[in-house]
Amino acid sequence: MEVALKEILLSKGKEWIGIDIDPSWIQFQPTRKGVRGDVTLMVFPFAKALQLPPAQVAELIGKHVKSEVSFVADFEVIQGFLNFVFSETLWSDQLITIHQNDSFGIADPDSKQMVMVEYASPNTNKPLHLGHLRNIFLGYAVAQLKKAHGHQVIKTQVINDRGIHICKSMLAWHRFAPLQSNGERETPANSGLKGDKLVGKYYVEFEKHLQLEVKEVLARWNAGDFSNTSASALEKFQELDQALVGKEEKAQAVISDKIKELAKNETEILRAAQDMLVRWEGRDPETYLMWSAMNGWVYEGFDVTYQRMGVDFDKLYYESDTFLLGKDQVMDGLARGVFYQKPDGSIWIDLTPDGLDEKLVLRADGTAVYITQDIGTAIERFHDYPSLSAIVYTVGNEQDYHFKVLFLILYKLGYSWAKNCFHLSYGMVDLPSGKMKSREGTVVDADDLMEEVVNAATVMTQERGQIAELSETERNVLFESIGMGGLKYYLLKVDPKKRMLFNPEESIDLTGNTGPFIQYTYARINSLLRKAELVEIDESALVIESGEIELIKVLAAFPQTIAEAADNYSPALLANYLYELTKAYNSFYQQSPILNEANEGLRAARILISKNVAKVLKTGLTILGINAPERM
RNA sequence: GGUCCCGUAGCUCAGUUGGAUAGAGCAACUGCCUUCUAAGCAGUAGGUCUUUGGUUCGAAUCCAAACGGGAUCACCA
């Protein structure tokens with residue numbers, strides 16, 4: 001409508017107000033609540049150009065529009081705002097259009113370019129926690145949004161299955177897992193422990209032993225015993241120890257940390273883990289076997305978690321396959337002068353002209369660093385998918401700098417798609433007690449949390465739900481939907497880039513701005529519609545009143561909301577829209593009889609509206625990864 | 001210290017091309033189930049939009065500075 005109005009204004013402008021209208025003057029917005037009108041035109045720019053009072057200009061334009069535009073029934077001028085009132089038939093037409101489109105709000109599949117969305121990408125040495133939940137729900141929802149917006153989407157994750165961290169778990173398991181009577185060590189199969197939890201347990205075990213040994217080393221050093229210490233460590237220790245003298249407390253703490261780091265490298269257990277990494281890289285059969293077995297346990301554990309979360313992936317990248325990538329690109333870039341080499345052989349890029357620092361891209365010994373891999377992996381992905389246009393990386397905001405550097409390097413290497421890549425940077429999830437810290441045991445485990453929210457939903461639903469007609473299986477599905485729906489909505493309703501607080505009590509709330517509130521409204525509409533099945537609807541005789549118009553307006557905003565949420569990588573925009581729609585519908589439902597309405601035309605319109613609110617709620621919830629139950 | 005992000009009601013959060021009287025939820029209080037699911041609805045109360053200055057018809061929104069919180073600044077990943 002606004003587009004049509006704009007065209008009319010542009011073409012008739014001179015005739016009506018005497019001067020040509022600049023397109024930039026035409027600014028529409030929805031008319032404010034409580035004021036009569038459907039769409040508002042700002043007249044300040046016109047008033048300025050014409051050197052006339054805004055009210056006078058508004059009156060002038062309003063009169064012409066009312067008499068010459070068929071769908072404008074009336075207008076009203078308040079202060080500098082010109083409010084147009086649309087005709088009733090416009091709204092019933094709008095409703096029918098929405099109703100006839102089964103995939104209302106969804107763009108044509110594959111009408112836009114291919115996008116890859118990376119999310120999850122956990123380490124394989126620790127179970128998933130609350131932070132991962134935000135990451136994964138967010139990444140999945142953004143992938144869904146992009147799809148709904150017409151993009152072809154590849155969901156992917158990188159599995160960090162190599163490196164010293166996994167060797168730590170392997171070593172600890174090999175050393176400390178008790179041998180059982182049948183000669184086996186602890187496995188998921190013989191202990192019943194989830195694979196990722198088992199491996200995580202031994203990672204913690206490793207850290208414990210490491211800390212103990214660090215203490216021993218420090219004690220020895222302080223006693224002047226350097227018998228097992230490497231010459232270089234001894235030298236550095238003496239240097240740092242000297243530096244401690246006469247420093248402030250804060251500076252001393254920094255130095256002490258460095259000494260601790262130094263001591264770590266002198267422990268037997270860390271050296272053993274490093275040896276293991278070397279053996280792994282040399283494809284030592286025994287080590288390799290253990291590695292693939294333990295990784296397998298972790299994957300099985302993660303799969304269980306992902307399944308419960310309702311997410312999946314189209315393509316997996318294993319770091320053990322990709323960690324050698326990127327070196328060629330670096331050498332190529334060096335030849336082309338994008339990078340430069342220091343005397344020790346290490347390769348760098350100077351980003352100071354772009355306001356960033358110098359960055360190492362390849363070590364002196366020729367091995368890759370984190371960003372080398374990322375360069376290689378990105379390029380590899382564009383080879384894997386020739387029609388790929390962009391990659392979205394769902395990674396915490398502590399890596400903002402890393403991705404800024406990565407995209408810049410890729411651009412400097414000549415890849416124009418680097419401009420399309422996006423770091424979906426999200427804030428940390430805090431607890432009421434503060435930050436999550438593994439050392440203090442305040443990490444909220446993903447599996448435990450999901451279990452808790454589903455249990456809470458079960459209790460509440462058994463208390464309040466209308467579930468008499470459901471079978472046992474159906475009930476369990478419902479409890480799962482409500483618990484998980486609440487959790488997902490809770491994490492998704494907040495603007496991704498903001499740090500958020502996770503309050504366990506609020507996360508299982510069912511009232512107010514929550515997932516179950518929206519699910520409940522959906523279920524209630526379905527109950528209504530089941531009873532309305534026999535009512536005949538004459539679409540040509542709908543009666544629309546102001547309450548109906550309010551809802552049609554909200555419904556009509558759905559496609560634009562999807563587009564905005566997709567363009568801004570923000571499921572929160574969609575979540576908040578669904579909440580608005582739900583509130584508007586509930587208010588309507590409470591004050592207007594639907595099936596009991598005597599006026600046939602009005603009843604038909606209300607049923608149609610209910611149907612389409614349900615349709616939009618379901619579409620929207622599905623995009624967010626939330627189930628929409630038919631009854632609850 | 002450099003760079004980046006954030007600061008809105010007691011708490012958690014919306015508020016996206018600058019627009020009318022800054023909105024929700026939770027918590028508190030008051031009403032509404034003999035009619036379509038009360039996980040609901042209607043209402044009361046709660047604000048110096050961190051502060052100061054600037055841009056303009058108009059600023060929570062844009063700019064600058066200050067204050068407060070966070071992240072980052074590894075030959076770790």
Side-chain angles (χ1 to χ4, degrees), chain A residues 24 27 29 31-35 40 42 44-45 47-48 54 78-81 83 121 123 160 162-165 319 323 342 344-348 355-357 359-365 367-371 373-374 396-402 404 425 427-428 430 432 435 457 460-461 463-466 482 486 490 493-495 497-503 505-506 509-514 516-521 523-532 564 567-568 570 572-573 575-576 579-580 582-583 585-597 606-607 610 631-632:
Chain A
S24 70
Q27 298 168 30
Q29 63 182 262
T31 301
R32 197 193 147 79
K33 241 187 183 171
V35 177
T40 296
M42 299 294 143
F44 294 107
K48 208 173 173 183
I78 303 172
Q79 296 171 31
F81 303 93
N83 303 326
S121 302
N123 281 336
N160 300 304
R162 70 163 275 282
I164 190 75
H165 56 267
E319 206 192 275
F323 78 105
K342 287 195 175 174
D344 67 358
S346 59
I347 300 178
W348 296 71
L356 303 173
D357 298 321
K359 181 84 185 173
L360 176 91
V361 291
L362 201 65
R363 291 192 188 104
D365 62 7
T367 55
V369 289
Y370 183 40
I371 202 154
Q373 279 183 52
D374 274 1
N397 63 6
E398 67 275 10
Q399 297 203 31
D400 284 355
Y401 183 75
H402 170 77
K404 210 186 257 185
S425 161
M428 234 179 251
D430 286 329
K435 244 169 124 166
M460 296 303 283
T461 305
E463 230 170 72
R464 308 189 196 187
Q466 310 279 321
I482 296 173
Y490 186 83
K493 72 176 174 186
V494 182
D495 181 357
K497 71 176 180 234
K498 283 191 180 166
R499 202 184 174 92
M500 69 174 288
L501 185 86
F502 183 86
N503 185 327
E505 285 160 28
E506 280 178 17
D509 260 355
L510 308 169
T511 61
N513 188 358
T514 64
F517 169 74
I518 298 172
Q519 290 173 315
Y520 174 77
T521 299
R524 192 165 63 177
I525 296 175
N526 274 287
S527 165
L528 191 77
L529 294 176
R530 280 192 292 273
K531 291 177 178 151
E564 267 173 37
D567 288 341
N568 290 296
S570 176
L573 292 178
N576 285 311
Y579 177 59
E580 290 300 322
T582 301
K583 267 202 314 183
Y585 182 80
N586 280 340
S587 180
F588 172 79
Y589 174 89
Q590 213 77 213
Q591 72 185 57
S592 320
I594 296 170
L595 299 178
N596 300 332
E597 171 58 47
R606 288 178 178 172
I607 291 174
S610 300
R631 304 165 197 266
M632 70 185 269

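In what follows, chains carry the letters A, B, and so on, assigned in the order in which the sequence lines appear, proteins first and then strands, with residues in each chain numbered from 1.
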request  = Determine the interatomic distance between P on B/rG46 and the same-named atom on B/rA24; round to the nearest Å.
outcome  = 14 Å
key: Strand partner of B/rA71, provided both Watson-Crick or wobble distances fall under 3.5 Å   = B/rU3
ask   = Does a side-chain heavy-atom distance below 4.5 Å link A/I482 with A/L510?
value = yes
query = What is the nucleic acid contact for A/D430, judged by heavy atoms within less than 4.0 Å: base, sugar-phosphate only, or nothing?
reply = nothing
ask   = Roughly, in whole Å, what's the span from CD in A/Q27 to P in B/rC57?
value = 14 Å
ask   = Do A/F44 and the base of B/rG19 stack face to face, with centres under 5.5 Å apart and an angle between planes under 30°?
value = yes
task = Could you check whether A/T461 gets within reach of a base, just the sugar-phosphate, or nothing at all, counting any heavy atom under 4.0 Å?
result = base
request  = Could you tell me the separation between the OH atom of A/Y585 and the P atom of B/rA39, rounded to a whole number of Å?
outcome  = 16 Å
query = Of the candidate nucleotides B/rC36, B/rC75, B/rG19, which contains the atom at the shortest distance from the side chain of A/L595?
reply = B/rC36
ask   = On a whole-Å scale, what distance lies between the C1' atoms belonging to B/rA27 and B/rU51?
value = 29 Å
query = By centroid distance (under 5.5 Å) and plane angle (under 30°), are A/F81 and B/rG19 in a stacked arrangement?
reply = no
request  = With the side chain of A/F517 defined as its heavy atoms from C-beta on, choose the nearest nucleotide among B/rA71, B/rC26, B/rC41.
outcome  = B/rC41
request  = Mind calculating the distance between CG (A/N513) and P (B/rG23) to the nearest angstrom?
outcome  = 17 Å
query = A/Y401 versus A/L356: any side-chain heavy-atom pair under 4.5 Å?
reply = yes
ask   = Taking NZ from A/K493 and C1' from B/rG15, how many angstroms apart are they, rounded to a whole number?
value = 15 Å
key: Closest-nucleotide ordering on RNA chain B, the 5'-leading residue of A/S527 and A/D509   = A/D509
key: Any A/K531 side-chain N or O less than 4.0 Å from OP1/OP2 of B/rC36   = no
request  = Examine B/rG23: is either OP1 or OP2 under 4.0 Å from a nitrogen or oxygen in the side chain of A/R32? Give yes or no.
outcome  = yes
task = Starting at atom CD of A/Q591, determine the distance to atom P of B/rC36, rounded to an integer number of angstrom.
result = 17 Å
Side-chain heavy atoms of A/R499 within contact of A/D430, under 4.5 Å = yes
query = When you check the phosphate oxygens OP1 and OP2 of B/rA39, does a side-chain N or O of A/Y520 lie under 4.0 Å from one of them?
reply = yes
inquiry  = If you go through the side-chain atoms of A/T40, does one of them form a donor-acceptor pair with the base of B/rA20 closer than 3.5 Å?
reply    = yes
query = In the strands shown, is B/rC62 matched to any nucleotide by a Watson-Crick or G-U wobble pair with both distances under 3.5 Å, and which?
reply = B/rG54
request  = Output the distance between atom OG1 (A/T521) and atom CG (A/N586), rounded to the nearest 0.5 Å.
outcome  = 3.5 Å
Between B/rG68 and B/rU52 - C1' atom distance, rounded Å = 15 Å
query = With respect to the side chain of A/T511, which nucleotide from B/rA24, B/rA71, B/rG40 is positioned closest?
reply = B/rG40
inquiry  = Only pairs with both distances under 3.5 Å count, Watson-Crick or wobble alike; so what is the partner of B/rG40 in this structure?
reply    = B/rC32
task = Choose from B/rG40, B/rC6, B/rU16 the nucleotide whose nearest atom is closest to any side-chain atom of A/L573.
result = B/rU16
inquiry  = Would you say that A/I371 contacts A/H402 through its side chain, given a criterion of any heavy-atom pair below 4.5 Å between the two side chains?
reply    = yes
task = Taking the side chain as every heavy atom from C-beta outward, state whether A/L528 and A/I607 have any atom pair closer than 4.5 Å.
result = no
message = It should be established whether A/K435 places a side-chain nitrogen or oxygen under 4.0 Å from OP1 or OP2 of nucleotide B/rA71.
response = yes
ask   = Counting only side-chain N and O atoms of A/K497, is one of them less than 4.0 Å from OP1 or OP2 of B/rC6?
value = yes
ask   = Can any side-chain N or O of A/R631 pair as donor or acceptor with the backbone N or O of A/Q466 at less than 3.5 Å?
value = no
message = Over all strands shown, is A/S24 touching base, sugar-phosphate only, or nothing at heavy-atom distances under 4.0 angstrom?
response = nothing
inquiry  = On the nucleotide B/rG7, are OP1 or OP2 found under 4.0 Å from the side-chain N or O atoms that A/K498 carries?
reply    = yes
message = Regarding A/M460, tell me which of base, sugar-phosphate or nothing describes its non-hydrogen contacts under 4.0 Å with the strands shown.
response = nothing
ask   = Rounding to the closest angstrom, what is the interatomic distance between B/rA59 and B/rU17 at atom P?
value = 16 Å
task = Would you kindly give the CZ-to-P distance between A/R524 and B/rC41, to the nearest whole Å?
result = 7 Å
inquiry  = Regarding B/rC13, can its base be found pairing with the side chain of A/D495 as donor and acceptor, where the two atoms are less than 3.5 Å apart?
reply    = no
task = Assign each of A/A572 and A/E398 to its nearest nucleotide of RNA chain B by heavy atoms, then name whichever residue's nucleotide is nearer the 5' end.
result = A/A572
task = Using the P atoms only, state how far B/rU3 lies from B/rC63, rounded to an integer number of Å.
result = 16 Å
message = What is the separation between atom CD1 on A/I518 and atom P on B/rA24, rounded to the nearest whole Å?
response = 16 Å
remark   = Taking B/rU21, B/rC41, B/rC36 as options, the one with an atom nearest any side-chain atom of A/S587 is B/rC41
message = So, does A/K359 get its side chain near the phosphate of B/rA74, meaning an N or O under 4.0 Å from OP1 or OP2?
response = no
message = Determine whether a donor-acceptor pair (N or O, by modelled atom type, separation under 3.5 Å) exists between the side chain of A/D509 and the backbone of A/T511.
response = no
query = Can you tell me if the side-chain N/O atoms of A/T514 get under 4.0 Å from OP1 or OP2 in B/rA39?
reply = no
ask   = Under 3.5 Å, is there a donor-acceptor pair between the side chain of A/R363 and the main chain of A/S346?
value = no
key: P spacing across the pair B/rG58 / B/rG19, given as an integer number of angstrom   = 14 Å
task = Could you tell me the separation between the CD1 atom of A/I371 and the C1' atom of B/rC73, rounded to a whole number of Å?
result = 13 Å
request  = Name the orientation of the base relative to the sugar in B/rC29: syn if the glycosidic angle is within 90° of 0, else anti.
outcome  = anti
ask   = Which is true for A/P54 with a 4.0 Å heavy-atom rule: it touches a base, it touches only sugar-phosphate, or it touches nothing?
value = nothing
query = Does B/rA14 pair with anything, Watson-Crick or G-U wobble, both distances under 3.5 Å, and if so, with which nucleotide?
reply = none
